[in-house]
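Please read the structure below before turning to the comments.
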Amino acid sequence: MNKFEKFTGIVAGIDRPNIDTDAIIPKQYLKSIKRSGFGVNLFDDWRYLDPGEPGKDNAERRINPDFVLNRSPYQNAQILLARENFACGSSREHAVWALLDFGFRVVIAPSFADIFYNNSFKTGLLPIALRSELVDQLFKELESEADYQLTIDLENQLVCNPGGIEMAFEIDDFRKYCLLNGLDDIGLTMKHAETIKAFESEYYEKQPWLK
């Protein structure tokens, strides 16, 4: 997992509440567990005008010109702005994988479904919960400014708009540490590799019949 560093990125907004995980990545794409290749099918039913299925060449599908991620500059967006209860519904990890694979590094919303929120930190996606009135403000700024960008400063827990206004957000200290250092569950375990090896060596010396 890559270290999360301060960055400024293009914002794409989907102004609707209760976006569920089936909308983020439809169920027919859940057979793969590779964690990659899902970006082209992110918000599949909204991005395309014809049905999709695994193995189908998306280049041959009809694009929905009205959907935000099909318009410039949002094809290169790294920050997704949404409304309350983002990623509700089923617990599929693929929803996080699809957002990351598309290029999103941050999702900002007033609230998130618990399972999605927890899954996000395990793969390096930062979910930021801001008060509804702040999200309202961001949507207004997004509508009035082309190529709207925000700066995300995880170290200081700030979202900064182009006018220099800083919006603070809360994050658990341990999760913040893991993101800043690029540590997923495996990475955390490997930090204790020498201790684990020493324990195994001593364990088998005392109980050699278990080798």
Side-chain angles (χ1 to χ4, degrees), residues 1-12 14 17-21 24-25 30 33-36 38-39 42 77-135 138 149-161 165-203:
M1 192 168 85
N2 294 327
K3 294 181 179 180
F4 193 103
E5 299 177 347
K6 180 180 179 180
F7 79 100
T8 299
I10 294 171
V11 181
I14 302 181
N18 304 312
I19 295 175
D20 64 39
T21 50
I24 296 172
I25 184 73
L30 305 187
I33 57 172
K34 293 182 179 179
R35 294 194 178 192
S36 62
F38 295 102
L42 176 68
Q78 292 179 288
I79 301 169
L80 180 62
L81 184 64
R83 295 293 186 178
E84 62 269 14
N85 198 28
F86 183 81
C88 55
S90 67
S91 60
R92 61 194 69 172
E93 290 178 298
H94 299 68
V96 178
W97 300 347
L99 287 161
L100 282 168
D101 195 60
F102 180 86
F104 286 113
R105 298 177 62 191
V106 172
V107 181
I108 299 173
S111 60
F112 297 87
D114 288 342
I115 295 176
F116 173 87
Y117 187 81
N118 292 325
N119 284 341
S120 294
F121 292 104
K122 295 178 181 295
T123 50
L125 182 70
L126 174 60
I128 295 177
L130 290 180
R131 300 193 311 273
S132 294
E133 56 267 30
L134 293 178
V135 172
L138 293 177
Q149 300 184 36
L150 291 171
T151 297
I152 307 300
D153 183 352
L154 176 58
E155 179 68 47
N156 295 299
Q157 298 176 209
L158 295 172
V159 175
C160 308
N161 76 357
I165 296 175
E166 299 178 341
M167 290 159 265
F169 63 89
E170 297 297 322
I171 182 173
D172 174 81
D173 288 342
F174 176 71
R175 286 169 166 166
K176 177 179 175 179
Y177 168 81
C178 289
L179 285 175
L180 289 172
N181 291 278
L183 296 172
D184 57 12
D185 289 345
I186 294 175
L188 284 167
T189 301
M190 293 307 296
K191 284 177 66 67
H192 303 284
E194 294 304 317
T195 302
I196 294 170
K197 287 180 181 178
F199 169 81
E200 289 179 339
S201 178
E202 180 180 354
Y203 185 78

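Being a predicted model, the structure only gives us computed values, none of them experimental. For the single chain, residues carry numbers from 1 onward in sequence order.
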Q) Do the rings of Phe116 and Phe112 sit parallel, tilted or perpendicular, given the 30° and 60° boundaries? A) parallel
Q: Please work out whether the ring planes of His94 and Phe38 are parallel, tilted or perpendicular, with thresholds of 30° and 60°.
A: perpendicular
Q. With a 4.0 Å cut-off, would you call Arg131 and Glu133 a salt bridge?
A. yes
Considering all heavy atoms, the nearest [X]-[Y] contact:
| X | Y | result |
| --- | --- | --- |
| Leu42 | Ala98 | CD1-CB, 3.9 Å |
| Thr8 | Gln78 | O-OE1, 4.0 Å |
| Leu138 | Leu150 | CD2-CD2, 4.0 Å |
| Ala168 | Leu158 | CA-CD2, 3.9 Å |
| Pro110 | Glu84 | CD-N, 3.5 Å |
| Ala77 | Phe102 | O-CE2, 4.2 Å |

Rounded distance (nearest 0.5 Å) linking atom [atom1] of [X] with atom [atom2] of [Y]:
| X | Y | atom1 | atom2 | result |
| --- | --- | --- | --- | --- |
| Leu126 | Leu180 | CG | CG | 9.5 Å |
| Thr123 | Leu99 | OG1 | CG | 9.0 Å |
| Leu125 | Phe4 | CG | CZ | 8.5 Å |
| Glu155 | Lys176 | CD | NZ | 5.0 Å |
| Glu93 | Ile115 | CD | CD1 | 10.5 Å |
| Glu170 | Ile128 | CD | CD1 | 11.5 Å |

**Q.** Within-4.5 Å side-chain heavy-atom neighbours: Trp97 and Ile25
**A.** no
(Q) Quick one, Phe121 and Ile171 - any side-chain contact, counting heavy atoms below 4.5 Å? (A) yes
Between [X] (side chain) and [Y] (backbone), is there a donor-acceptor pair under 3.5 Å?
| X | Y | result |
| --- | --- | --- |
| Asn85 | Asn18 | no |
| Thr21 | Ser90 | yes |
| Asn181 | Tyr177 | yes |
| Asp153 | Asn156 | yes |
| Arg105 | Gly9 | no |
| Gln157 | Phe169 | yes |

Q.
So for atom CG, which belongs to Asp172, do other residues, nucleotides or ligands contribute more than 12 heavy atoms lying within a distance under 6.0 Å?
A. yes
Q: Give the intermediate values and the outcome of side chain to side chain contact (heavy atoms under 4.5 Å, CB included) for residues Val159 and Ile152.
A: CA-CA 5 Å; Val159 175; Ile152 307 300; 4.0 Å; yes
Q | Single hit among Ile108, Ile24, Val107 for side-chain contact (heavy atoms from CB on, under 4.5 Å) with Leu80 | A | Val107
Q | CA sep, side-chain torsions, deciding dist, call: Arg175, Asn118, side chain to side chain contact (heavy atoms under 4.5 Å, CB included) | A | CA-CA 10 Å; Arg175 286 169 166 166; Asn118 292 325; 2.4 Å; yes
Q: Take Arg83 and Ile19, measure what side chain to side chain contact (heavy atoms under 4.5 Å, CB included) needs, and give me the verdict at the end.
A: CA-CA 8 Å; Arg83 295 293 186 178; Ile19 295 175; over 6 Å; no
